[in-house]
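Excluded from the calculations below are hydrogen atoms, water molecules and symmetry mates; all remaining heavy atoms, backbone and side chain alike, are included.
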Amino acid sequence: MSHGVVQEKVTSALLDALNGARQKGQLKTAAWPTLSLDTPKRPEWGDLASTVAMSLAASEQRAPHDIAQIIVENLPQPDQLFERVEIVRPGFLNLTVKPALWQETLREIEQQSASYGTTDVGKGQRALVEYVSANPTGPLHVGHGRGAAVGQAVASLLTAVGFEVVSEYYINDAGRQMKLLGTSVAARYRELKGQPADFPEDGYHGAYITALAERLTPALDVEGGLSAEQLEERCQSLAYQALLSLIREDLKTFGIEFASWFSEASLLSSQAVERVLDELKSRRLVFEQDGAWWFRSSDFGDEKDRVVKKQDGEYTYLASDIAYHRDKLRRGYDLLIDVWGADHHGYIPRMQAVMQAYGHPKERLQVVLVQLVKLLRAGEEVKMSKRTGEFITMREVIDEVGADAAKFYFLMRDSKTHLEFDLELAKQRSADNPVYYVQYAHARIASLWRVAASRGITCPPPSRANLSLLSDPDELGLIRKLAAYPTVLEAAAIGYEPHRMTYYLQQLAALLHTFYNKHRILPTATDSEVFAQAAPGITADEGAKRETLSPERTAARLALMRGVQQVIKNGLTVLGISAPDQM
RNA sequence: GCGCCUGUAGCUCAGCUGGAUAGAGCAUCAGCCUCCGGAGCUGAGGGCCACAGGUUCAAAUCCUGUCAGGCGCACCA
């Protein structure tokens, strides 16, 4: 439950230095800016860099360089933490951390294992993440798949940083679309029976409707027949049930389960919508005009007021949504997160208005927008048409490329930007495919344990290995990456940006593969005599592959590998992706 | 017309919320397996960060304007 030993010790040292300087009267700023540590782009600039001195320049009215100097002078016991402390140009504070401190990260990872990286910034606040929420009028398509992957990832990221999270699916099981589903199925049924059927103009044209009608035929063939109304009603409820369970199944095969399914119809049948509108009416936030009822959303920054009850007496979608979000607030959530398709962005101001109407800051509702997925097959766009009902379902994608690959691809890019998803690429088992690249890194390490076991090489836990042997730049580079994990996780969670995780994992995997290729971890079989002599040290140089390994070094490197494996596993797990030991 | 999002290498995209000389993958070219999984690795070329102003010690990042693309602007959901 921390940002890692290195991060913590270094930031607290900086903080001590700042406070110490203030006590001595060397600095006067009342509130320090947040002390974030950057990892510099170039190795000469140290392991970690701080820009505090420069950001304090204004409030201190001094040159950044002088401020940096003061900070450095006030660092408590710098020799214990730092190899080198440098002040560069405008006022960068470049810190080179002692290898011993970096190496502690491996013990930390070992100790915390699956919880390494988690923090408690959420402080146990309750969050409700609502996602997918597709109308139960057809199978989920690719776009829903991305929404599902993002929603699940956001939910589990928030859990990882200390929120208490519930994920929920809102079922639009009321209103016109459901009715239309019923008439569409009924029309197909009549066609199957050779009866006259005029298919509704704006009905659901997909082939799945016909298939559904066929499947439901036994339940619809009633002796004496049904009235048109009865038939449509029956079609609606049967089709609804069938489609909802299809959706649940599809989500399940995608590895996604919701803690809660919330029905729109229940809001209507319990009069919740009515009550909420009456309540708002008494507060003059809903008013009557032109025979309709309007929500005064413009009071809260929306561009205009919105109808909640139409002239014909029907409620609009917004009415249920107000009641629904009111219900979410009632249930005591501190943070509401809605994952929506980007085409609904215009809806955000009015929903934030709802928050404010109930006395909450509009930030209490956070909307994560998910842009369209452009499906490709070997570079060619796969066309989809909503009108003809021809679209690629989420299920088809999962069946073709697998749940892991699909999720990783859905999460690779910032959710608010368009995503190109090439089915052929996602299926490839090569370096071109980032999913396998990352999973392979994990599997590769797993295979080390197998080989070690078969050769009778014992792997002591990191706590008993001599980690000080991990002083090579490649080794320390790997450790630094591992140490950055908690920070990446937190940034991804706080910003609702799972793609930061996929990026991080790719980078970590790249470092691992490079390391693996360049250095040996286990002694070669033919090296066993050399190994038996326990030749001290290594002969590295340009023939890195010829470096000989002492048992201690092997143990240390295995400890490093254990850390890498754990972090990859943790990262993939947060994203809902498996970390296989064999591929 | 108004609003939101996007514009970074030939292509697909990152860029840690204002930091240092701009970063990956693909594609292209040149290399690496007697050995822990080649589903891997190394190297090279490739940039006016759409454009123009502004803010400051510092701008791909913030502000304004322009251009281009996407999406919204219902008493539909």
Practice problem: Using a heavy-atom cut-off of under 4.0 Å over every strand shown, decide if A:Thr417 touches base, sugar-phosphate, or nothing. | Solution: sugar-phosphate
Quiz item: Just to confirm, is there a sub-4.0 Å distance from OP1 or OP2 of B:rC5 to any side-chain nitrogen or oxygen of A:Lys416?
Solution: no
Quiz item: Are A:Arg350 and A:Phe295 in a cation-pi setup, meaning NZ or CZ lies under 6.0 angstrom from the ring centre and within 45 degrees of the ring axis?
Solution: no
Quiz item: Counting side-chain heavy atoms from C-beta on, which of B:rC36, B:rC41, B:rU17 comes nearest to A:Tyr437?
Solution: B:rC41
Quiz item: So what's B:rC71 paired with, Watson-Crick or G-U wobble, going by both distances under 3.5 Å?
Solution: B:rG3
Exercise. Assign A:Thr514 to base, sugar-phosphate, or nothing according to its heavy-atom contacts below 4.0 angstrom with the strands shown.
Key: sugar-phosphate
Quiz item: B:rG7 P sits how many Å from A:Arg413 CZ, rounded?
Solution: 13 Å
Practice problem: Answer with base, sugar-phosphate or nothing: what part of the nucleic acid does A:Asp414 contact at a heavy-atom distance below 4.0 Å? | Solution: sugar-phosphate
Self-check item: Rounded distance in Å between the P positions of B:rC16 and B:rG53
Solution: 25 Å
Quiz prompt | Side-chain N,O (A:His418) to OP1/OP2 (B:rU12) below 4.0 Å | solution = no
Exercise. Output yes when a side-chain donor or acceptor of A:Ser50 lies under 3.5 Å from a complementary backbone atom of A:Val52, and no otherwise.
Key: yes
Quiz item: Would you say the ring centroid of A:Tyr169 lies under 6.0 angstrom from that of A:Phe262?
Solution: no
Quiz prompt | Paired nucleotide for B:rG38 [Watson-Crick or G-U wobble; both distances under 3.5 Å] | solution = none
Quiz item: Between A:Arg306 and A:Trp293, is NZ or CZ placed under 6.0 angstrom from the six-membered ring centre and within 45° of the ring axis?
Solution: no
Self-check item: Ring-base stacking, A:Tyr503 with B:rA14 (5.5 Å, 30° cut-offs)
Solution: no
Exercise. Give the B/S/- string for nucleotides 72-77 of chain B, one per nucleotide from 5' to 3', where a protein heavy atom under 4.0 Å of the base yields B, of only the sugar-phosphate yields S, and otherwise -.
Key: SSSBSB
Quiz prompt | Candidates B:rG40, B:rC36, B:rC16 - which lies nearest the side chain of A:Arg455 | solution = B:rC36
Quiz item: Considering every strand shown, what is the Watson-Crick or G-U wobble mate of B:rC11 when both distances are under 3.5 Å?
Solution: B:rG25
Practice problem: Would you kindly compare A:Tyr516 and A:Ala510 by the position of their nearest RNA chain B nucleotide and give the one closer to the 5′ end? | Solution: A:Tyr516
Practice problem: Could you check whether A:Ala49 gets within reach of a base, just the sugar-phosphate, or nothing at all, counting any heavy atom under 4.0 Å? | Solution: base
Quiz item: Out of B:rC36, B:rA22, B:rG40, which has the shortest distance to the side chain of A:Tyr440?
Solution: B:rG40
Quiz item: Which of these nucleotides, B:rC41, B:rU17, B:rG19, is closest to any side-chain atom of A:Asn517?
Solution: B:rC41
Self-check item: Whole-Å gap separating C1' (B:rC4) and CD1 (A:Ile348)
Solution: 8 Å
Self-check item: Watson-Crick/G-U partner (both atom distances under 3.5 Å) of B:rA58
Solution: none
Exercise. On the 0 to 90° scale, with breaks at 30° and 60°, tag the A:Tyr347-A:Trp340 ring pair as parallel, tilted or perpendicular.
Key: perpendicular
Quiz item: So, is A:Arg444 close to the B:rC41 phosphate, meaning a side-chain N or O under 4.0 Å from OP1 or OP2?
Solution: no
Quiz item: Considering only side-chain heavy atoms of A:Phe92, which listed nucleotide, B:rG19, B:rC13, B:rC36, is closest?
Solution: B:rG19
Exercise. Quick one: label A:Thr487 by what it contacts on the DNA or RNA (base, sugar-phosphate, nothing), any heavy atom closer than 4.0 Å.
Key: nothing
Practice problem: Map A:Ser36 and A:Ala443 onto RNA chain B by nearest heavy atom, then report which one ends up closer to the 5' terminus. | Solution: A:Ser36
Exercise. Examine the base of B:rA20 for any acceptor or donor lying under 3.5 Å from a partner atom in the side chain of A:Asn94, and report the outcome as yes or no.
Key: yes
Quiz item: Is a side-chain donor-acceptor pair under 3.5 Å present for A:Gln439 with A:Asp404?
Solution: yes
Quiz prompt | C1' spacing across the pair B:rU8 / B:rA50, given as an integer number of angstrom | solution = 10 Å
Practice problem: Decide, for B:rC73, between syn and anti: a glycosidic angle within 90° of 0 counts as syn, anything else as anti. | Solution: anti
Quiz item: Salt bridge between A:Glu497 and A:Arg500, side-chain N to carboxylate O under 4.0 Å?
Solution: yes
Quiz item: According to the Watson-Crick and G-U wobble definitions, with both distances under 3.5 Å, which nucleotide is paired to B:rC33?
Solution: none
Quiz item: Between the side chains of A:Tyr324 and A:Glu168, is a donor N or O closer than 3.5 angstrom to an acceptor N or O?
Solution: yes
Quiz prompt | Side-chain ion pair, A:Glu288 and A:Lys281, N-O less than 4.0 Å | solution = yes
